[in-house]
Structures are given as structure tokens and as C-alpha cells.
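Atoms within each ligand, like the ligands themselves, are counted from 1 in listed order.
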Amino acid sequence: MIRKFRYGKPFPTDAVVKNVGQTSGMPPFFTVTEQDGGVEYRYTMEKEDCVFGLGEQMRGINKRGWHYDGYAYDDPHLTETRTSLYGAHNFIVVFGARTFGVFVDCGKRVSFDIGYTDPDELIITFADADVYFITGESVLAIVKTFRELIGQSYIPPKWAFGFGQSKWGYRCEEDIREVFRGYEEAELPLDMIYLDIDYMEEYCDFTVNRERFPDLKGLAEEFKEKGVRLIPIVDAAVKVKEGYHVYDEGVEKGYFCTDSEGKPYVVGVWPGDSVLPDVLNPEARLWFGSYYEEFLKQGIEGFWNDMNEPAIFYGQGSIDRAFQVVASKAGVNLDHETFNEVQAAFGSLANNPDDYAAMHHKAEGELISHSEVHNLYGDFLTRGAAEYFAERDPDRRYLLFSRSSYIGMHRYGGIWTGDNASWWSHLALNVKMMPSLDMCGFLFAGADLGGHAEDTTEDLMLRWLAFGIFTPLMRNHATCTARDQECYRFKDLGAFRHILSLRYRLLPYLYSEFVKCAQKGEMLFKPLCFEYPEDARARTVEDQLFWGESVMLAPVVEANAAGRYVYLPARMKLLRFTRHGVRERVMEKGEYYIDVPLDEVVVFLREGKVLPLAQPAKNVASLDDRHLTFLKFIVQTTEYTVCRDDGVTKSSLQNFETIKVQP
Ligand code: GLC
């Protein structure tokens, strides 16, 4: 059951697709205080209560013990004490003495203090929001009700479930060819190579540097024939440059964000002085979306949208003030305070709330400050592209994912989880984030495998891939200063081949489970206690997940580990994927230490379930998913339903085949 409460004047976010009437009065269980336009929700938690959700966030699956902000923020230092990342996903489920869900629908900052100030208190603060209060029989039932409220998750084309290689630093056609050759010669599967900002001319969106990429169309076509697609990045900011068509047209049409007087508001991003499309204006976002055509007509069918929190290195005017502070201290003795002042002059420039406040959008004819709608920017930008695709070819699916997001964007595209680092803790974080993202509808998601910043190592890369084969978006990506981490650069190529091949062998299952979860509003990754709510031990497990209907995952996320402890909440069958075949062992409910060598993948098959497997393939196009074999843990004939769509149209997503499997 859903109840909706309205506070102040919320800006329409389009997060919700169902019409829910407003309820007067108070939401159950909470003490609500309204003061100076702000609202505080307070709930006293029982000792055993867990709080799940918040999508893309730091810390555990159970969010208790820290404070978080629903606030889209670009800061590449993903440390434990961060309170927000690139997206704002304001949905939580309290599970325990009472079980219920809360979604605070609001484009401004929303704060969740989940036992930080007081270990027993859950305090949510916000202003101008619709709050949805959801009850149901279980956490899973509440999540399903929430997902119905926010609408069906985006489903990319099937090839997008293949493996992709990326790096900021592929500068020219030859670099791309080298990556292709590297994978081909090492006999490692590959479906996508990503183009980061260096393909552009002076970091201008929708341009291609012709010296470095003389024939992008030819390259895209040649690679597509070989089964590999090129996926360019598109940034939010548009370079201020007369004669640059996107800038000129946007200025002429009044499609950029402005200052309070209606003049284009200048911010600093990759190209230096830039302007931001005013994506809250439906015409402006469709206009920006229509530029993707420049790539579509070159045979490109997938995109990643970046810097759309929107990330700004500096705001209009604030860079001049910073230079003034620094100039005024030249020749002055820099004692502790003065030095800090000099440092802060530039240190506080990026993503400064004052600059956001000074930037404006035109919404329904009125100018409103960006601070009022901050969290919606990446969502609406991505939606603009999706709206253009839908207009161009209503039945076709394109690959589209974004760095920033708000709930609602899950209907238009996927996300990657931003600039993590090559740290074991970020592999663990990747595991914990997946179920939280699923709760909020972001099924097509994944982290930069191997880590974006810093130098990775062969063992970290292998362990990360051994988890990454289960994430719908599977991409190895790194920053320009990091050591090269393409899989073919490492020593034990056999191990890489085995793990990447397993992704393709499991793809019919992953894809079928994904499509079913999207269509039914279910979670692909589930924490153990979502399935076993009565099991107190299951509630404490933060590094194991159910994956689809048949499998439990227990990835190794620690350096030097020869294996790991695993908790089985029920009888299951261990499946050990070695280079030489699959070994099976039935195990009773309980705690075990399981060896997991670096080149093996261990999963657990649930009782009464089967797991379809295809033969290895070098890309999705050559995958034979008609001849599946089944790993089984059954005593009687059972069924498994496979998605039999054509991989690219929306209408074919209704085609399923139910296969009977004998014990
Ligand atoms: C941002 C993105 C990262 C990309 C870089 C250069 O940091 O998050 O993935 O490589 O920009 O475009």
C-alpha cells in the first residue's frame, strides 16, 4: 500500500509514473516536525532493525550507522566518509520490528541520518517534497510496490551485456585498433570498445578529431562486422566557442542555463569555459538529444553520458575571485591560516553550491535556481537522448548509461558507479551497491572493473572480473594516469580467458533474469535476508548475494585470500567453474570455508533450481543460446524460462521460451 504526503511546493521530478492521491495527516510511525519550510521525519529504530536502499552510496548494504545525502556530486575520492556520490536515490526500506519503505521525491538535497547522530534514530530532512510511504508483507514486496510506482527499468540491447574495454587515454584510431588486436590475439571475448573524451575536437560534444580519427564511420562499421561496437562518451558541458554549431544553435534558441538575468551561465569543465544545456526545458533536452544523430548515422548505437551532476570545475566569476585571492597573497608570509586561505581559493571552486545557486533553468516560463532541482540534471540530460531515440525509432533499443542519475532515469538508461579506485575495498563496495541500485530500479549498472583511479594488480583484476561477470554492465575502465589494465596485458591469460568466457556462458541466464526482473519490478541482486527474513545470521551477511532465481554469489574481495567463509542459509549445490570443467558438491545449510583459486569462480545453486549454460563465445553476436546445457539441483522435472527476443527491439521482449529440464 502506498500513501503520499506533500510538503511545500515540490518541483515535478517525473520519478513516479502512477497516480497516487495525496493523503492528509501524518505518515505512520514517524514524528514529523515542520520548521522554516524544512521538514524532519524521525523514527526510533529497534536494535535489530536494518535500513536498506539509497542506491548509489558508500558503506554497507545495511545503511545503519552513518549519514547520507541525496545529492549528486562529482568528487573522485570515494572514501568511506563520503555522504553522497554521483546519483541521488532517496528510497529506503526499514526492516525489523516494523517493515516499511520511504521515498522522498525531491530534486534538492535530502539528508538521511541513519543512526549517526543517535544510534537509535532515523532522521530524514528535506524541503519541498512528495513523500511516499510504502507498506507490504516483506522487503521484497515493498520493493516491488515501489518499482511499480516508478515504472519499468530500462532494458538495453542484448549485445550491451557483452564485455567492454575502456580507458581514458585511447587517443586515436591506432590506439583503438591496438586494443582490438590485443583482445583478438589473446583470444579474449570482447563486444565494445569505449571512446573517452580524447576522440573529440577540443572537448566539443558531437565533434570528432579528424586527425586522430580520420574515418570514425569506417572504423565503427569495420569493427561492428567483427562483433565489436564503439561507444563514445558525451559530456554535459558545451564549449563556449563561436562557430561551434552546438554552441551557436543553443545560444540562438535560448537552450542553455542562464544567470538570474537570462544570459548564458558560464562554467568551467573539460573544454574550459562552457555552458550547460537547460535540460529541464523539454525542447532543449530533446534538441541536445537530437545531436546523438551525428553518431547514430555513423553506425554507432551506444553512449555513456558523463559529467552530468553537473560537474563544474568553476562557476562564472568565481574563478576570477580565486585568482584575486591568490594574487593578493603574493609575497605575503604564508602562515598556517594564510596558506589555507590560498589553498581554499582554488580548493573550494569545484561544484560550489553558490555557483549552482547562481545558475538558472527556465521551467514553465519561469527562471528557477539550479539549487532547487540539482539532482535532476543527469536524469533529464540522459532522458533527452532517450526521448530522441524513441522519436527516431520507437521500437529500437540503444545502449545508454549515465554517471549522474535520479530515480526515474532508470526508465531511460543505466548507470556506472563513477570514479572508483583500484582498491580491494572498492571491489567490496561494488558488491554491496548492486542490490541497493536494484531496489531503486537501476538494474543496468556496473562499476569500473579493475578500478578507475590508481594502479591495479593482476590479482585484483581477476577477482574483480570474477564478480563483474555477474553485473549487467561489464566494463573494464581506467583513468589516463593509471597503469594499463586491458586484460591481455596480464600474465596468466588463461585465467582471464576462463573468467571472461564464463560471462558469455552465463549470458543467456543473466539476460533472461535481467529482462524478467525489469518487467516484473524485481531485483536481480538480493541480499540474503531479503529471501530469508527470519534468519538472523543472514541479516549480517554483506558480501554474498542472490543473483537471479537460481544462484547465490560469494565473491572473494580480499587481497591474498586463498578463499573465503561462506554462509549457506539453506541447502545448496556448490558449482566450481575451473578451467577444466565444472565441479559440483551438495552442501547443507551452515558456515564453510571455501577455497577459491584466482582462476576459478565458485557459485551456489539453490535447491530446486537450474542454471542454463551456453558454449563460450567471442562476442554476443556469435553466442549460440539455442543449445543450452543445464546445471541442476533438482529431483523432479522443472522449468526454466529463457528470453527469446531479437536482442534489439522493444516489441520482441515479450518472447519467452519455457524449457523443461529433467533431473
Ligand atoms: C570522468 C569520468 C571518467 C572518465 C573521465 C574522462 O572522470 O567519470 O569515467 O574517464 O571523466 O572523461
Side-chain angles (χ1 to χ4, degrees), residues 56 58 72-79 82 84-87 164-172 175-176 179 192-209 212-213 230-239 267-272 274 276 295 302-314 349-351 377-378 381-382 399-405 409 413-423 426 429-430 433 442 444-456 464 468 471 473-486:
E56 186 183 65
M58 296 303 294
Y73 195 64
D74 168 38
D75 175 347
H77 304 100
L78 276 59
T79 52
R82 287 285 297 280
S84 76
L85 301 175
Y86 305 88
Q165 179 61 53
S166 184
K167 183 174 168 91
W168 178 8
Y170 298 157
R171 290 186 57 79
C172 58
D175 289 351
I176 302 295
V179 173
M192 284 156 279
I193 301 178
Y194 287 78
L195 303 178
D196 207 318
I197 48 177
D198 292 315
Y199 77 82
M200 297 180 198
E201 182 70 42
E202 295 177 33
Y203 303 123
C204 289
D205 274 334
F206 313 113
T207 66
V208 177
N209 181 304
R212 288 184 267 128
F213 288 91
L230 298 183
I231 314 293
I233 194 169
V234 176
D235 282 305
V238 172
K239 182 172 171 134
V267 296
V269 196
W270 302 123
S274 310
L276 290 161
F295 292 114
F303 303 90
W304 49 310
N305 283 353
D306 192 22
M307 306 298 274
N308 50 6
E309 293 68 31
I312 57 176
F313 301 161
Y314 55 84
L349 273 184
N351 311 315
Y377 194 87
L381 186 91
T382 300
L399 170 61
L400 181 64
F401 60 96
S402 169
R403 192 172 70 177
S404 187
S405 58
M409 202 206 84
I415 58 171
W416 93 99
T417 56
D419 297 351
N420 60 6
S422 299
W423 298 341
H426 279 180
L429 180 66
N430 185 189
M433 230 190 256
F442 291 97
F444 193 73
D448 287 352
L449 304 176
H452 182 257
E454 317 283 358
D455 294 328
T456 202
W464 213 322
T471 63
L473 168 63
M474 186 187 182
R475 180 176 76 146
N476 174 346
H477 177 50
T479 191
C480 49
T481 50
R483 162 190 199 186
D484 291 336
Q485 61 185 42
E486 294 78 14

Point to revise | Residue, atom name and distance, where the atom is the protein heavy atom closest to atom 1 (C) of ligand 1 | key: Asp306 OD2, 3.0 Å

Practice item. Decide side-chain contact (heavy atoms from CB on, under 4.5 Å) for Leu195 and Tyr170; before the verdict, give the C-alpha distance in whole Å, the side-chain angles of both, and the deciding distance to 0.1 Å. Key: CA-CA 7 Å; Leu195 303 178; Tyr170 298 157; 5.7 Å; no

Practice item. Mind checking whether Tyr194 contacts ligand 1 via backbone (N, CA, C, O), side chain (CB onward), both or neither, at a 4.0 Å heavy-atom cut-off? Key: neither

Check your understanding: Are Lys167 and ligand 1 in contact, using a heavy-atom cut-off of under 4.0 Å?
Key -> no

Check your understanding: Near Trp270, which atoms of ligand 1 are under 4.0 Å from a heavy atom of that residue?
Key -> 6 (C), 11 (O)

Exercise for review: Apply the test side-chain contact (heavy atoms from CB on, under 4.5 Å) to residues Asp74 and Asn351: give CA-CA distance (whole Å), side-chain angles for both, the deciding distance (0.1 Å), then the verdict.
Suggested key: CA-CA 7 Å; Asp74 168 38; Asn351 311 315; 4.0 Å; yes

Review point. Any idea which atoms of ligand 1 are less than 4.0 Å away from a heavy-atom of Ile233?
Key: 12 (O)

Exercise for review: Mark the output for Thr479 as yes if a heavy-atom distance to ligand 1 is under 4.0 Å, and as no if none is.
Suggested key: no

Practice item. Just need the protein heavy atom nearest to atom 7 (O) of ligand 1, so name the residue and atom and give the distance. Key: Asp419 OD2, 2.6 Å

Check your understanding: Relative to the heavy atoms of Trp304, which atoms of ligand 1 are at a distance of less than 4.0 Å?
Key -> 9 (O)

**Study point:** Working for side-chain contact (heavy atoms from CB on, under 4.5 Å), residues Met307 and Ile197
**Key:** CA-CA 11 Å; Met307 306 298 274; Ile197 48 177; over 6 Å; no

Check your understanding: Looking at His477, which atoms of ligand 1 are within less than 4.0 Å of one of its heavy atoms?
Key -> 3 (C), 4 (C), 9 (O), 10 (O)

Practice item. State the atoms of ligand 1, each with its element, that fall below the 4.0 Å cut-off from a heavy-atom position in Ile197. Key: 6 (C), 12 (O)

